[in-house]
Amino acid sequence: MTNHHATAEILSEPLSLQRRALSALMMGLTYLLFLVAIIPLGSLLYTIVSQGLPRFSWNVFFHIPAPIGEAGLIDGFGNAIQGSLMVLAVACIISIPVGLLAAIYMAEFGRNSKTAHVIRFVTQVLSAVPSVVVGVFAYGVIVFTPAIEIGGVLLKPKGFSAVAAGVALAVLMVPIIALTAEESLKLVANAQRLGSMALGGSRFQTTFKVVIPQSMAGITTGVLLALSRAAGETAPLLFTAFFTQNWPTGFDHPTPTLPVLIYNFSQSAYTSQNEMAWTAAMVLVALVLLASLVSRLAVRKSFR
Amino acid sequence: MNDPQLETTPSETEELTLSQTKSGRLEPAPEPNELVTAMKVRDLSFYYGTFKAIEGINIDIYEGQVTAMIGPSGCGKSTFIKVLNRISELEGQVKVEGTVEFFGQNIYDPKVNLNRLRRQIGMVFQKPNPFPISIYDNVAYGIRLFGRKPKVEMDEIVETALKSAALWGEVKDKLNKSALGLSGGQQQRLCIARALAVKPKVLLMDEPCSALDPIATMKVEELIESLRHEFTIAIVTHNMQQASRVSSYTAFFSTDESRVGHLVEFGPTSQIFLQAKHPRTREYIEGRFG
């Protein structure tokens with residue numbers, strides 16, 4: 001009886017004051033640091049929205065920047081949105097296949113091989129190259145050199161173009177895609193690969209039917225991460241896409257983009273352009289968030 | 001049958017009667033010379049990198065029989081079974097010496113197509129590893145690797161496989177649900193169904209019940225019992241009762257002083273369990289080591 005009683009007492013006996021105080025202190029510290037960590041994000045979003053919203057209307061998507069001093073014209077930056085999409089499309093077409101194939105090689109076909117180690121090292125080095133350097137590189141290789149045309153098809157234009165900008169952004173995207181996709185491929189349990197191969201599956205079949213579907217969420221995250229980084233890059237675009245006040249006229253011509261528009265307009269002497277830069281920043285952030293939201297939902301639906 | 005380990009004199013097998021058995025239903029195994037050898041292993045040594053894991057293995061896996069591999073942890077029995085379908089090569093740098101013949105063909109011949117080989121020699125792993133797709137697609141996976149089939153035909157293959165794995169009744173109403181929603185035992189039987197669907201000649205099982213509870217284990221054992229006439233089965237187990245219940249031949253593996261795995265004794269299960277020739281086998285069976 002007494003024994004049982006003592007056991008019950010132990011269960012209900014409060015922890016020492018010291019331990020409870022320490023626990024409360026640590027919890028408090030955790031919350032505080034959490035707040036400190038989200039202050040920059042919150043403040044950034046608040047500033048962008050509060051500064052950008054006043055000039056926002058759906059017209060910004062469908063009109064080009066109104067020339068200064070001409071009253072009555074609807075102001076907008078639809079040309080920069082369209083140009084940004086064109087540049088990002090080129091960047092994705094180049095970087096997604098290259099990045100994913102590199103990741104598949106490092107994680108599946110060449111796992112633990114010397115070649116894979118070399119590729120991983122080179123990729124890591126590439127991811128550390130400053131974007132302005134990548135811009136100069138694309139300027140030297142694409143913008144500055146003569147056009148290449150094979151059988152009437154223009155492969156590489158000369159001069160500022162969406163293609164040159166796309167190449168520059170692709171160089172920035174490849175390492176992000178390759179490294180994150182490799183990680184998510186490696187997360188797939190080896191038992192899954194063995195299961196497929198024990199049924200007579202080749203490495204190719206195993207990779208594409210078992211491993212990639214299971215790491216689709218991680219791969220998508222990697223592509224989005226790369227895309228959001230590229231969407232906001234300004235420095236490489238200054239050397240490659242350049243800028244125009246008009247609608248883009250093709251992938252082989254100078255192309256307006258959102259980041260360069262924000263850069264130009266925020267330095268402008270005219271208040272109206274300064275305000276438009278804020279609105280453009282808000283639209284850029286919203287587009288990136290929207291893209292990431294939509295693709296996450298799509299991935300979640302198709303692989304559950 | 002020149003291998004001394006395989007020699008069983010008629011008098012020894014005749015002496016065995018069921019009244020002598022202590023651990024379950026030990027049946028006298030058929031005479032080796034009446035049987036077809038499905039897999040013939042000679043002088044097999046296997047290395048992980050430079051580490052020699054098993055050495056000098058000689059064993060015949062007979063067609064239509066259940067052969068159990070028993071032995072203490074680290075004796076190389078799992079390593080051995082993974083050599084039989086060359087799946088061990090996927091786990092890093094390995095080296096194989098000796099020969100492994102599958103119905104007369106050396107599976108380590110450079111000309112051998114590994115995908116075809118593994119289709120003939122199926123495998124069930126220690127932990128259930130169903131793919132995170134529907135139950136139906138899991139079973140159909142192996143078939144689809146080698147080409148498309150009309151839906152009616154595929155439905156039939158899936159149903160037959162699930163029935164032979166004694167799982168059909170439990171899953172027939174949720175074939176399109178994820179395989180991950182099944183219990184551990186059901187998942188393991190699904191993996192067996194998946195392996196059976198491609199109609200292998202030999203089925204290798206690497207401790208298939210070690211992650212299962214006793215009831216699920218019993219179901220898998222009943223399943224092995226029902227499959228023994230249709231398939232050749234090689235099963236690794238650390239459970240001696242299981243070996244005595246399901247197998248007709250038993251191979252006892254053990255390590256020597258240098259941590260290299262050897263085959264100590266191989267013969268009909270009843271002989272290994274009741275009249276083992278080697279003292280180490282007797283000690284292990286009686287629970288004195290391992």
Side-chain angles (χ1 to χ4, degrees), chain A residues 103-120 181-222 295-304, chain B residues 81-82 84-93 113-134 137-147 161 177-181 187-188 190-200 202-206 211:
Chain A
I104 290 169
Y105 180 79
M106 288 189 286
E108 303 294 325
F109 291 84
R111 183 180 272 217
N112 298 329
S113 69
K114 268 223 173 75
T115 326
H117 284 299
V118 172
I119 294 175
R120 192 175 303 111
E182 188 204 358
E183 282 311 309
S184 63
L185 289 171
K186 278 184 169 169
L187 283 179
V188 175
N190 214 28
Q192 294 282 324
R193 295 182 182 88
L194 292 179
S196 165
M197 294 188 133
L199 289 166
S202 63
R203 200 167 266 284
F204 186 86
Q205 287 170 320
T206 303
T207 301
F208 283 88
K209 290 180 179 222
V210 174
V211 182
I212 292 183
Q214 290 186 42
S215 48
M216 212 51 205
I219 291 174
T220 315
T221 308
S295 36
R296 261 162 216 260
L297 283 178
V299 168
R300 195 173 293 179
K301 248 192 196 135
S302 55
F303 291 99
R304 189 165 273 186
Chain B
I81 205 172
K82 285 180 187 157
L84 297 182
N85 65 345
R86 295 186 64 176
I87 205 99
S88 51
E89 288 162 39
L90 302 172
E91 291 171 344
Q93 205 60 43
N113 177 326
L114 284 182
N115 305 328
R116 286 178 195 281
L117 172 79
R118 293 185 186 132
R119 201 173 163 76
Q120 296 287 328
I121 308 175
M123 185 159 212
V124 176
F125 296 84
Q126 198 166 346
K127 272 195 198 150
N129 60 346
F131 304 127
I133 48 179
S134 74
D137 288 340
N138 259 283
V139 182
Y141 180 84
I143 307 284
R144 285 178 180 151
L145 289 175
F146 285 76
K177 293 264 164 60
S178 168
L180 300 185
Q187 288 189 5
Q188 192 62 302
L190 178 65
C191 291
I192 296 174
R194 187 173 73 180
L196 296 180
V198 298
K199 297 216 179 336
V202 176
L203 188 60
L204 309 174
M205 301 176 121
D206 184 7

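Sequence lines set the chain letters: A, B, ... in the order given, protein chains first and strands last, and positions in each chain run from 1.
To the nearest 0.5 Å, the span separating NZ on Lys82(B) from CG on Leu194(A) amounts to 7.5 Å.
Across all their heavy atoms, Tyr141(B) and Val210(A) have their closest contact at OH-CG2, 3.2 Å. Contact detail for Met123(B) and Ala198(A): the closest heavy-atom pair is CB-CB, 4.0 Å.
With hydrogens and angles disregarded, no donor-acceptor distance shorter than 3.5 Å links the side chain of Asn129(B) to the backbone of Gln192(A).
Enclosure of atom CZ in Arg116(B) is not indicated, since only 12 or fewer non-hydrogen atoms of other residues, nucleotides or ligands lie within 6.0 angstrom. Within 6.0 Å of atom NZ in Lys186(A), more than 12 heavy atoms from other residues, nucleotides or ligands are found, so the atom counts as buried in its surroundings.
Arg194(B) places a side-chain heavy atom less than 4.5 Å from the side chain of Leu199(A). Residues Leu90(B) and Met197(A) are in side-chain contact: their nearest non-hydrogen atoms beyond the backbone lie under 4.5 Å apart.
Of the two parts of Leu114(B), neither the backbone nor the side chain holds a non-hydrogen atom closer than 4.5 Å to a non-hydrogen atom of chain A. Residue Arg86(B) does not touch chain A at all, counting heavy-atom pairs closer than 4.5 Å. For chain A, the nearby parts of Phe131(B) are the backbone and the side chain; heavy atoms of each come within less than 4.5 Å. In this structure, chain A has a heavy atom under 4.5 Å from the backbone of Pro130(B), while its side chain stays farther away.
Inspection of non-hydrogen atoms places Gly201(A), Ser202(A), Arg203(A), Gln205(A), Thr206(A), Lys209(A) of residues 201-209 of chain A under 4.5 Å from chain B.
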